Amino acid sequence: MPELPEVETVKETLKTRILGLKIVDIEIYYPKMMSDNTKSLLVNQTILDISRLGKYLIFNLDDYDLISHLRMEGRYYIKTDEPVLKHEHVVFKLSNGQQLRYHDTRKFGTFDLRIKGETYHTKPLSLLGKEPFTMDPVEFYNVLRHKDRAIKTVLMDQKIIAGIGNIYADEILYSAHVRPDRKAKDVSLQEATWMIERARGILQSAIEAGGTTIRTYVSSLGVTGRFQLTLMVHQRKGELCYICGDEIKKKIVNGRSSFFCETCQS
DNA sequence: AACGAAACCTGCGCGC
DNA sequence: TGCGCGCAGGTTTCGT
């Protein structure tokens, strides 16, 4: 589910709810999700801050950083003593009686614990490329020049540029007028520059939309980070392009569904 | 080195 | 109603 904007929204929302609270206990209902050793190190740590890099959420504690990746369907809920649901796999009990619950239908999410200071120098965070906000278009172009893969595959490669997933890749490519199945090495400097500029604009708009959506649900249970931004092409196969009126096409690119307009993108 | 496919999981919608 | 299949916004691992 979550790409960079959704994770940013989850981060901001959680910061308003659990900052300064101590983890007094943890219940693990799906052992593969978190080891007992990690649990023992987390207990008695206080949540001092929450940060984000790419699609990773990072709980900054006294002595450690807990790195959380939501993968496809991870979500956080803040509850008290309601019954624990089927897909709530990790429950962090906090010092004010609240519980931070990690919910993940497909169990793809991951937790990694790092000693402060090593967080950004070890996997997985050390593998991440720059986010679109800090990526220099010329640097990006120079990477593309050597890639014999579809441009969309490169745009979603977290080692090259961090934070973009399947939905935003489609939207960015549409906005930059580039077909998802073009070879990366055939993309021009002008196009690469548009892609970075459009990535920044679209991600920023999504963050603002997500923030708006969440703010209207301040007292709701879920902290999902779902945003309401109008999608121009993603999941619109057979519908009409808002710009030229042609039919939106769907094609599998490197195993991922990809939506685009043949007329507006080349 | 670099690429594509498979694997990790569960639930949902669709056609028969 | 029930079953099988395809599909889902991500990442890592494995084989070529």
Side-chain angles (χ1 to χ4, degrees), chain A residues 1-11 28-34 52-58 67-76 85-90 102-112 122-129 131-132 142-174 180-186 199 202-203 205-207 209-210 213 222-238 248 250-260:
Chain A
M1 173 196 278
E3 303 182 35
L4 187 154
E6 289 73 39
V7 180
E8 175 68 18
T9 301
V10 171
K11 183 200 78 178
I28 301 170
Y29 296 93
Y30 183 66
K32 288 177 71 173
M33 198 71 81
M34 179 181 288
R52 179 193 61 71
L53 187 60
K55 303 174 190 173
Y56 290 86
L57 191 63
I58 307 159
I67 304 168
S68 167
H69 197 301
L70 281 45
R71 293 288 177 94
M72 302 285 262
E73 302 189 359
R75 303 173 181 189
Y76 280 100
L85 301 180
K86 182 179 180 181
H87 298 299
E88 291 177 345
H89 305 305
V90 181
Y102 180 69
H103 180 291
D104 190 343
T105 306
R106 290 171 76 181
K107 301 176 178 171
F108 280 0
T110 57
F111 288 99
D112 287 283
T122 58
K123 289 195 300 181
L125 300 188
S126 63
L127 297 178
L128 293 180
E131 294 188 348
N142 283 328
V143 174
L144 298 188
R145 287 172 56 194
H146 306 291
K147 293 296 178 187
D148 190 29
R149 323 155 71 181
I151 180 61
K152 181 177 175 185
T153 306
V154 176
L155 196 55
M156 290 174 61
D157 187 333
Q158 304 302 301
K159 290 188 286 296
I160 294 170
I161 186 164
I164 299 168
N166 205 31
I167 291 181
Y168 291 108
D170 279 354
E171 297 299 311
I172 290 164
L173 288 166
Y174 173 78
D181 55 356
R182 282 260 301 282
K183 290 276 191 185
K185 63 185 179 184
D186 294 337
I202 289 169
L203 295 180
S205 299
I207 288 169
T213 300
V223 182
T224 67
R226 195 175 258 302
F227 76 105
Q228 301 297 328
L229 191 73
T230 303
L231 298 176
M232 301 295 283
V233 283
H234 192 78
Q235 289 292 9
R236 294 193 67 237
K237 178 189 176 184
I248 301 299
K250 173 181 175 177
K251 177 179 179 180
I252 304 296
V253 177
N254 204 26
R256 307 305 300 273
S257 291
S258 304
F259 301 83
F260 62 100

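Here is the naming used below: chain letters follow the sequence lines, and residue numbers restart at 1 for every chain. Just so you know, these numbers come straight off a predicted model, no measurement behind them.
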Positive for side chain to side chain contact (heavy atoms under 4.5 Å, CB included) with Pro180(A), one of Leu155(A), Thr153(A), Leu173(A), Asn254(A):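 Result for side chain to side chain contact (heavy atoms under 4.5 Å, CB included) with Pro180(A): Leu173(A).
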
Who pairs with [X] by salt bridge (charged side-chain N to carboxylate O under 4.0 Å, His left out), at least two apart in sequence or on another chain?
{"X": "Glu88(A)", "result": "Lys79(A), Arg101(A)"}
{"X": "Lys159(A)", "result": "Asp157(A)"}
{"X": "Arg256(A)", "result": "none"}
{"X": "Glu171(A)", "result": "none"}

Considering residues at least two apart in sequence or located in another chain, which fulfil the side-chain contact (heavy atoms from CB on, under 4.5 Å) criterion with Lys250(A)?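 Listed in chain order: Lys237(A), Ile252(A), Ser257(A), Phe259(A).
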
Applying side-chain contact (heavy atoms from CB on, under 4.5 Å), can you list everything that pairs with Phe108(A), at least two apart in sequence or on another chain? Arg71(A), Met72(A), Arg106(A)

Starting from [atom2] on [N], measure out to [atom1] on [X] and report it in whole angstrom.
{"X": "Phe111(A)", "N": "dG10(C)", "atom1": "CZ", "atom2": "C1'", "result": "15 Å"}
{"X": "Lys185(A)", "N": "dA2(B)", "atom1": "NZ", "atom2": "P", "result": "13 Å"}
{"X": "Asp181(A)", "N": "dC3(B)", "atom1": "CG", "atom2": "P", "result": "16 Å"}
{"X": "Asp112(A)", "N": "dT11(C)", "atom1": "CG", "atom2": "P", "result": "13 Å"}
{"X": "Leu57(A)", "N": "dG10(C)", "atom1": "CG", "atom2": "P", "result": "16 Å"}
{"X": "Tyr168(A)", "N": "dG10(C)", "atom1": "OH", "atom2": "P", "result": "11 Å"}
{"X": "Arg71(A)", "N": "dT12(C)", "atom1": "CZ", "atom2": "C1'", "result": "7 Å"}
{"X": "Tyr29(A)", "N": "dC9(B)", "atom1": "OH", "atom2": "P", "result": "21 Å"}

Distance test, side-chain N/O of [X] to OP1/OP2 of [N], below 4.0 Å:
{"X": "His69(A)", "N": "dT11(C)", "result": "yes"}
{"X": "Lys86(A)", "N": "dT10(B)", "result": "no"}
{"X": "Lys55(A)", "N": "dT11(C)", "result": "yes"}
{"X": "Tyr30(A)", "N": "dC9(B)", "result": "yes"}
{"X": "Arg149(A)", "N": "dC3(B)", "result": "yes"}
{"X": "Gln158(A)", "N": "dG10(C)", "result": "no"}
{"X": "Lys107(A)", "N": "dC8(B)", "result": "no"}

Have a look at Asp104(A) and say if it touches a base, only the backbone sugar-phosphate, or nothing, with a 4.0 Å heavy-atom cut-off. nothing

Taking only the [atom1] atom of each, what is the distance from [N] to [M] in whole angstrom?
{"N": "dG11(B)", "M": "dT11(C)", "atom1": "P", "value": "22 Å"}
{"N": "dG9(C)", "M": "dC3(B)", "atom1": "C1'", "value": "23 Å"}
{"N": "dC5(C)", "M": "dA7(B)", "atom1": "P", "value": "16 Å"}

His89(A) side chain to Asp104(A) main-chain N or O, any donor-acceptor pair under 3.5 Å?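 At least one qualifying donor-acceptor pair exists.
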
I'd like to know if the side chain of Gln158(A) and the backbone of Gly163(A) have a donor-acceptor N/O pair within less than 3.5 Å.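 The answer is yes, because a donor-acceptor pair under 3.5 Å joins these two groups.
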
Do any N or O atoms of the protein come closer than 3.5 Å to N or O atoms of nucleotides 13-16 of chain C, and which pairs are they?
none

Counting only side-chain heavy atoms from C-beta out, which of dG10(C), dT10(B), dT11(C) sits nearest to Met156(A)? dG10(C)

Checking contacts here: which listed nucleotide (dG9(C), dT12(C), dG11(B)) is nearest the side-chain heavy atoms of Tyr56(A)?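 It is dT12(C).
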
Going by ring centres under 5.5 Å and near-parallel planes (under 30°), is Phe108(A) stacked on dT11(C)?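 Stacking is absent between dT11(C) and Phe108(A), given that the ring centres and planes do not meet under 5.5 Å and under 30°.
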
Secondary-structure notation, DNA chain B, from Watson-Crick and G-U pairs under 3.5 angstrom (| other strand): .|||||||.|||||||

Going by the side-chain hydrogen bond (donor to acceptor under 3.5 Å, both in side chains) test, name the single residue among Gln235(A), His234(A), Lys152(A), Glu3(A) that passes it with Asn166(A).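 So, applying the side-chain hydrogen bond (donor to acceptor under 3.5 Å, both in side chains) to Asn166(A) and each of Gln235(A), His234(A), Lys152(A), Glu3(A), only Lys152(A) qualifies.
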
Anything under 3.5 Å between a protein N or O and an N or O of nucleotides 5-8 of chain C, put it in a table, one pair a line.
| unit_1 | atom_1 | unit_2 | atom_2 | d |
| --- | --- | --- | --- | --- |
| dA8(C) | OP1 | Ser257(A) | OG | 2.3 |
| dA8(C) | OP2 | Ser257(A) | OG | 3.4 |
| dA8(C) | N3 | Arg106(A) | NH1 | 3.3 |

Sequence-distant partners of [X], ring-ring contact (aromatic ring centres under 6.0 Å, His included), two or more places apart:
{"X": "Tyr29(A)", "result": "none"}
{"X": "His103(A)", "result": "Tyr77(A), His87(A)"}
{"X": "Phe260(A)", "result": "none"}

